[in-house]
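All values below come from the heavy atoms of this structure, side chains included, with hydrogens, waters and symmetry mates left out.
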Amino acid sequence: MMGSPVLPWRYRHSGLLVGSQIELEAWEAFRTDDEGEPDIAILLSDEPCPDCPSDGRTGIGEQGVRFAVDGVGGWQVQEGRRILLHPSLSADPRELQLFTLGSAWGLLGYQRGQAMWHGSAVELDGRCVLFCGEAGEGKSTMAAAMIAGGAALVADDLSRAAPDEGAALLYPSSSRLKLWSQAIEHLGWEDRIIVRDWLRDDKFHCRVPAHHAGAGAMPLDAIVVLQSGSELALDRLTGGAGLTAVLAGTIYRPEALEEMGLWTQQGAIAAQIAAQVPVYRLTRPRDLVVLDKSVNAVTEMLKSLG
């Protein structure tokens, strides 16, 4: 009988112990010496991905949830416990990491019944706020501007959110921010660039002066949905309006969620969180000139929470 696979890289992320056969450089701040039985195993295979769709769709079947990226490889996500990588011969390790910690990690969270939300979050004076919204609305830029004002990074891109007794929780997910060059120049963060983003030439991974990577889940105090508009305004959203905005602004890979038949489950989790956390809509011109005013509005809102 074959023994358990060797998993030399260990991480504590999203409240789970992860053992991996590939190094996850983006998760360096989540490294752990815990040699216990992992909740999640990330494994390599030298076999082709079985029945992986080649048209960009997500496949669902006995082999788990499957997807492929041309020239990079295929992924099988199984039972909320395993991510099996089938790398292409020409795959770059950075590409493998990108899709493992993005699509594959999000799908695994869905299999586990967890809310996997797309957004950026910071903590300021003990209050945690999540920025969400459609692609291009400036979630990471708002987080960076808050950090420039003294906040600490909690999350960027994909994070686990959860309702809890008395308060919703957000699990720290990142020690770096992905920012467009225009935002980097505006903030004067040129010396914080770590590496150029693999997929976008004008976007960069940046280090931050303070973060909560490696810490436990944090109470989520506010959700701010970003929206472009002609005037700056921060408005409270309640009831169905708040839930609708949260679902539209946070759900990761909604087409895969539909194929997995989990929209009802994820909607119920989002409703619980929206009932526990105040939801706001921040409308502002998409102009970095008003970034400081946006930060001030959010800062004053957080102070008002008591």
Pairs involving residues 227-274, ordered by first then second residue, that meet disulfide bond (SG atoms under 2.5 Å apart) (sequence neighbours left out): none
Partners meeting salt bridge (Lys or Arg N to Asp or Glu O under 4.0 Å) with Glu62 (sequence neighbours left out): none
Gln266 side chain to Gln114 backbone, donor-acceptor under 3.5 Å: yes
Pairwise side-chain contact, Arg10 with Pro38, heavy-atom cut-off 4.5 Å (strictly under): yes
Asp125 atom CG, neighbour heavy-atom count above 12 within 6.0 Å: no
Whether Arg284 side chain and Val290 backbone form a donor-acceptor pair below 3.5 Å: no
Closest heavy-atom pair and its distance - Trp189, Ala148: CZ2-N, 4.3 Å
Nearest heavy atoms of Lys178 and Asp157, plus distance in Å: NZ-OD2, 2.8 Å
Check against side-chain contact (heavy atoms from CB on, under 4.5 Å), Thr299 and Met146: CA-CA 8 Å; Thr299 301; Met146 294 287 294; 4.0 Å; yes
Same cluster (ILVMFWY, side-chain, under 4.5 Å), Leu84 and Leu16: no
Flag side-chain contact, heavy atom, 4.5 Å: Leu130 against Val277: no
Straight-line distance of Ile83 CD1 to Leu101 CG, nearest 0.5 Å: 8.0 Å
Pairs meeting criterion disulfide bond (SG atoms under 2.5 Å apart) with involvement of residues 46-76, two or more places apart: Cys49-Cys52
Nearest atoms (heavy-atom pairs only) where Val65 meets Gln111: CG2-NE2, 3.3 Å
N/O donor-acceptor pair under 3.5 Å between His86 side chain and Gly73 backbone: no
Check: Asp39 side chain, Leu17 main-chain N or O, donor-acceptor pair, under 3.5 Å: yes
Within 6.0 angstrom of Asp70 CG, more than 12 heavy atoms from elsewhere: no
Residue pair Val129 / Asp221, side-chain heavy-atom distance below 4.5 Å: no
CG-CD1 distance between Leu96 and Ile22, expressed to the nearest 0.5 angstrom: 6.0 Å
In one Ile/Leu/Val/Met/Phe/Trp/Tyr side-chain cluster, 4.5 Å: Phe99, Leu257: yes
Straight-line distance of Glu259 CD to Leu107 CG, nearest 0.5 Å: 9.5 Å
Expected output: side-chain Gln276 to main-chain Pro163 donor-acceptor under 3.5 Å: no
Ring geometry between His13 and Trp27 (parallel below 30°, tilted from 30 to 60°, perpendicular above 60°): parallel
Worked verdict on Trp105 versus Leu24 for side-chain contact (heavy atoms from CB on, under 4.5 Å): CA-CA 12 Å; Trp105 185 251; Leu24 304 172; over 6 Å; no
Spacing of CZ belonging to Arg66 relative to CD1 belonging to Ile60, to within rounding of 0.5 Å: 7.5 Å
Leu43-Val6 co-clustered via ILVMFWY side chain contacts under 4.5 Å: no
Heavy-atom neighbours of Glu190 CD exceed 12 at 6.0 Å: yes
More than 12 heavy atoms from other groups under 6.0 Å of CD on Glu23: yes
Side chain Tyr171, main chain Ala162, donor-acceptor under 3.5 Å: no
Donor-acceptor contact below 3.5 Å, side chain Tyr252 vs main chain Ser103: yes
With sequence neighbours excluded, residues passing salt bridge (Lys or Arg N to Asp or Glu O under 4.0 Å) with Arg12: Asp34
Side chain proximity check, Arg236 to Thr238, heavy atoms < 4.5 angstrom: yes
Flag side-chain contact, heavy atom, 4.5 Å: Ser140 against Trp180: no
Single-linkage hydrophobic cluster, 4.5 Å side-chain cutoff, Leu187 and Phe131 together: yes
Interatomic distance, Ile194 atom CD1 to Ser175 atom OG [nearest 0.5 angstrom]: 6.5 Å
Working for side-chain contact (heavy atoms from CB on, under 4.5 Å), residues Leu232 and Ser294: CA-CA 7 Å; Leu232 176 67; Ser294 299; 3.7 Å; yes
Distance-minimising heavy-atom pair for Pro87 and Leu44: CG-CD2, 3.7 Å
Arg207: partners by salt bridge (Lys or Arg N to Asp or Glu O under 4.0 Å), with sequence neighbours left out: none
From Leu226 atom CG to Thr141 atom OG1, the distance as rounded to the nearest 0.5 Å: 9.5 Å
Joint hydrophobic cluster, Leu302 plus Leu237, side-chain heavy atoms closer than 4.5 Å: no
Minimum-distance pair of heavy atoms, taken over all atoms of Ile273 and Ala161: CD1-CB, 3.9 Å
Phe204 six-ring face occupied by Arg196 cation (under 6.0 Å, within 45°): no
Heavy-atom side-chain contact between Glu137 and Ser228 under 4.5 Å: yes
Donor-acceptor contact below 3.5 Å, side chain Ser45 vs main chain Glu47: yes
Among Ser159, Ser173, Cys128, side-chain contact (heavy atoms from CB on, under 4.5 Å) partner for Val154: Cys128
Side chains of Val224 and Met301 in contact at under 4.5 Å (non-hydrogen atoms): yes
Heavy-atom pair with the smallest gap, counting every atom of Ile251 and Trp117: CD1-NE1, 4.5 Å
side-chain contact (heavy atoms from CB on, under 4.5 Å) between Trp75 and Leu85, worked out: CA-CA 5 Å; Trp75 282 258; Leu85 285 73; 3.5 Å; yes
Close side-chain approach of Arg176 and Arg192, heavy atoms under 4.5 Å: no
Pairs involving residues 89-112, ordered by first then second residue, that meet salt bridge (charged side-chain N to carboxylate O under 4.0 Å, His left out) (sequence neighbours left out): Asp92-Arg94
Any donor-acceptor N/O pair, Arg286 side chain to Gly136 backbone, under 3.5 Å: yes
Gln76 side chain vs Gln63 backbone, donor-acceptor pair below 3.5 Å: yes
Row check, Tyr110 ring normal vs Arg253 NZ/CZ: under 6.0 Å, within 45°: no
